[in-house]
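A short worksheet on the structure shown next.
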Amino acid sequence: MSKARILVVEDEVVIAMEIERSIKNFGCEVISVVNSSGKALAKAENDRPDLILMDTRIQGEKDGIETIRIEANSGKRFESNPGDGLVCC
């Protein structure tokens, strides 16, 4: 069985490193860690991850909520838990 391929979108370096470590400890593959909306959308389009782990407050013209709405409208599954500030699709 192949590992889940995950794109991490987080603009705080230390938090991004901790998330990446945790994901790898769960046996999943982190395909990329990016820090802005534009980079996230480009990586999602090019790499087609199984899951996007998105910080809601990121760098760039769009925040994480707007970015994930754009991605969700592209036909991907959309899940959110606003209480923890992370969004997955």
Discussion item. Can you confirm whether Arg21 sits close enough to Met17 that some side-chain heavy atom of one is under 4.5 Å from a side-chain heavy atom of the other?
Written reply: no
Any donor and acceptor pair, going by atom type alone, linking the side chain of [X] with main-chain N or O of [Y] inside 3.5 Å?
| X | Y | answer |
| --- | --- | --- |
| Asp63 | Ile65 | yes |
| Glu29 | Ile31 | no |
| Asp50 | Arg5 | yes |

Nearest atoms (heavy-atom pairs only) where [X] meets [Y]:
| X | Y | result |
| --- | --- | --- |
| Lys3 | Gly27 | CG-O, 3.3 Å |
| Val34 | Lys39 | CB-CB, 3.8 Å |
| Thr67 | Ser37 | OG1-OG, 2.6 Å |
| Cys28 | Ile6 | CB-CD1, 3.8 Å |

Worksheet item: So which of Leu51, Ile58, Thr56 actually passes side-chain contact (heavy atoms from CB on, under 4.5 Å) with Met54?
Response: Ile58
Could you give the distance from [atom1] ([X]) to [atom2] ([Y]), rounded to the nearest 0.5 Å?
| X | Y | atom1 | atom2 | answer |
| --- | --- | --- | --- | --- |
| Glu66 | Glu61 | CD | CD | 11.0 Å |
| Arg48 | Lys43 | CZ | NZ | 13.5 Å |
| Leu41 | Ser36 | CG | OG | 8.5 Å |

Worksheet item: Passes side chain to side chain contact (heavy atoms under 4.5 Å, CB included), Ile23 versus Leu53? Steps please.
Response: CA-CA 10 Å; Ile23 289 170; Leu53 187 62; 4.1 Å; yes
